[in-house]
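Take a look at the structure below.
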Amino acid sequence: MFKNILTGFMTGLVLLCYQAVSRASTDDDFLKANEFFQNKDYSRAIALYQNILASGVESAPLYFNLGNAYFKNGDLGQAILYYMKARRLAPSDDDILTNLEFARQFTSIRMEGVQLNPITTFLESLVAPYRLDTLAWWSSALFILFFVFLSLHYGLGFRSDWIKIVTIVVLVMLAVSSWMTTYKYRHDYLTRRAVIIAPECPVTSGPYEQSEIELEAAPGLVVEILSESGTYYNVLFENKRRGWIKKELVAEI
Amino acid sequence: MKSRVVSIAVLSLLCLMVPATWAQSEIQVTVSLDRDTIGMDEQAVLEVVVTGTEQNLPAPQMPSLAMFETYSQGRSTNISIVNGQVSSSITYRYMLLPTKSGVFPIDNIAVVYNNKRYKGNRVELTVLDRGVAASPQLEEKAVDTQGKSRDYFLEAVVNKTSPYVNEQVTLTLKFYIAVRYYGTPELNEPSTTGFWTEVLGNMTPYFQKLHNRNYRVIERKYALFPTQAGELTIGQATITVNVPSTSRRRDPFGMDLDDFFGRGENVTIRSAPVKLNVKPLPVEGRPANFTGTIGMFGITATPDKTTVEVNQPITVTIKITGTGNIKSVAEPLIPDLPDFRVYKASSNEKTSIIDEQLGGTKIYEEVFIPNKPGNLEIPSLEFNFFDPKTRKYQTVKTRSIQITVKQPEGYAVSPEVPYSQSGVVIGKQASDIRFIKNDIGRLTSKGRLVIFTPLYMVINGLFVVSFVSLLVLRLHREKMTGNIGYARSRKASRMAQKRLTRARSLAKVEKISEFYAEISLALLAYIADKLNISPHGLTSDRVTALLKEKGADDALVEDTLALLHKCDFARFAPATLNQEDINQSLENTRQIMVKMETVKFV
């Protein structure tokens, strides 16, 4: 018995040590990459930031710095891609929002006929400042609170008016926060979005080499991926125009 | 009402009549000759094609052709249905044998239908003097070395012997045969190494008189394009034909067996090789971007639209039409256009044969995408070729295309940003972005979402389970206090167990009579609690009836009754029972209660 406890304790200790060492190494790489950035050696900075990402971790500042390095290196598509990844993790970060908006001004093509639905815009503005995790924990807290009050009322038999009122208020708040969480999840994760990263990106009428070119897209444009066929994605532009783009020319957010 | 019916009937009749009227006006008569010049010893074939939407088209009325002997060669009918529209045509063929030389117009061939006369077009046939049609060389070929006329021979002739590189040379294989033959002659095509070859096809057979023999002439033509300068040779062509054998077999009645069975002997005839001296294209006057096209061509460029918005594609169809090797026609050079991005969309070609000259149309589709608003111009495109007739290089041009490019509307993200960012270059000099962050922040596993973590699910699930448990407990409690039957039923087992424990303690102090009284009470009280009735007055018969009513099986009823009888018996004769009987009774009671738990009392 004592032996088992000791083995478990030692394993936990080793894991903790490994995590601490790994975190220290990641922090070192991050600082080195920042140094490269400050010395205007953007290619090496990009390589080091990408190295950290390859270890399976992510953070908003990491994506933000990588976006900056790509921007300075002249790769607009990749810059916008990583700014958008950063925004997903930290939607209210002013630096990320400013740089993303700034970078998007450099896309050489404007999609004509973009019509913004006022309802969708309003709903997006409601959830935009919050992370999915934040909304999920809010929903969870309200859910727990709702069941605590239900238990008080029905389980333990506390029959007072204020419990009823608070339960109803919590239920309404829970409905709102659950909807916001679902909307955020659908908008940010279920809907597949991609950024055009190739300098030249012909948009064709079909998923074949022989298909006619309908228009030429530019790096930095964001598209919604509707379906895929072979080496092509069927994409929807902001102005609801559809077309086919080779998979290698875009990167999924 | 009546007048309305009449009106509808008249209108319907009119509707039916209209197509009939159209049908009348659609009859056409087309007259053609297989050749416009023949010698006195030759024949021409006159074709009269009557076309119309009627199925029973009338035969043409032929004028008197005094200068020819005319023989009908039959007719052929063709009916086609396109989009539900029936059209038919009948082709009448006549062989014309001239009796005089000169130029003879043939007109007034007409068709009369529904009292209307439809006249055909006019053609002219020139008949040359006797002996002019066949060349002396040909006359020579028609005789063998012993001066005897040949039964068949094959001739290969070209229209020119000194062409330029890539200029068309028309090769004609002529098979002359003056005897009957069986089956179809089999041709072995000539070798044309050094040429790009296109078969123009077989011509309509005709007859030619040589040395007073009537030869049937079968012609096959080729368009040859030499690919290199110097001396090139068109190889021999061979033709194998089945002709009656020289030693004819005859049956006892004198009938020709070869004719009867349609077979003779195979003979193979060869044409002579033809040598060509191919000239290189002149260097003088050759344009810098000349791609080697020879012939005579024209070029047009047509846009699919002339008003677009920025970044919307315009497809320009460039057509190069003319005579020459159309497949070798290269794409016209498009200069660098700063206002457009240009993509090649597709290319295809349609070949055609005009007067034995290969030609056609090569179509290129180019996509021009304007990158700024305003009035833009796609400049004229040049195409050059060498014209072998004038022996000069020529350049043809398209017209320039004016495009109005509009500024797109509705772009909401940053409408103040110009449409073309050619002046703005991002990169090392761009310093308006906010600077990098020094803290890496909270690192999480890539793609991890809290809603799918076990912790999140357990925390939320725990409260649901707690609530449900509390709710069930509360409902149970309320039922226990509000429903006596339910409470008695739920408590029956517990009460019975208590009584059995008490009975066990009575047995220990050897109060046998009380022991069995307690067991009997435990059993009866258990049944009474389950049925929410009083245990007093429950007899064996009543217990049997109640248990059977609730669906208990016979074995259980019997066991219950046996135990109750035993208890009654023991209460009055306790001395006859020992410890083993007591234990057995306790066990039996327990088993009966376990079995009774399966009976649905409620």
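Below, read A as the first sequence line, B as the second, and so on, with proteins coming before strands; counting in each chain starts at 1.
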field: Part of Asp93(A) lying under 4.5 Å from any heavy atom of chain B
entry: side chain
Qualifying salt bridge (charged side-chain N to carboxylate O under 4.0 Å, His left out) pairs with a residue from residues 131-152 of chain A, counting only residues at least two apart or across chains: Arg131(A)-Asp133(A)
query: Do you know which of Asn34(A), Asp95(A), Asn65(A) makes side chain to side chain donor-acceptor pair (under 3.5 Å) with Lys437(B)?
result: Asp95(A)
- prompt: With a 4.5 angstrom heavy-atom cut-off, which part of Phe143(A) approaches chain B: side chain, backbone, both or neither?
  reply: side chain
message: Between Leu475(B), Asn438(B), Leu471(B), who has the most heavy-atom pairs with chain A when the cutoff is under 4.5 Å?
response: Asn438(B)
- prompt: Can we say Glu209(A) and Lys246(A) salt-bridge, meaning some charged N sits less than 4.0 Å from an Asp/Glu carboxylate O?
  reply: yes
- prompt: In terms of heavy-atom pairs under 4.5 Å, which option from Ile96(A), Leu62(A), Ile144(A) contacts chain B the most?
  reply: Ile144(A)
task: Taking Ser205(A) for its side chain and Glu212(A) for its backbone only, find out whether a donor-acceptor pair lies under 3.5 Å.
output: yes
query: Quick one: of Leu449(B), Ile451(B), Val468(B), Leu473(B), who has the most non-hydrogen atom pairs under 4.5 Å with chain A?
result: Leu449(B)
field: side chain to side chain donor-acceptor pair (under 3.5 Å) partner of Asp529(B), the single match among Arg488(B), Arg494(B), Lys491(B)
entry: Arg488(B)
field: Engaged part of Tyr83(A) at the chain B interface, taking heavy atoms whose separation is under 4.5 Å
entry: side chain
message: Heavy-atom cut-off 4.5 Å, strictly under: side chain, backbone, both or neither for Ile369(B) against chain A?
response: side chain
- line: Cut-off 4.5 Å, heavy atoms of chain B, and the answer for Phe146(A) is neither
statement: Okay, Phe368(B) and chain A: the region with an atom under 4.5 Å from a heavy atom over there is neither
Non-hydrogen atoms of Ile326(B) and Glu349(B) that approach each other most closely: O-OE1, 4.3 Å
message: With a 3.5 Å distance limit and no angle check, can you tell me whether Thr351(B) reaches the backbone of Gly360(B) through a side-chain donor-acceptor pair?
response: no
field: Side chain / backbone / both / neither for Leu53(A) at chain B, heavy atoms under 4.5 Å
entry: both
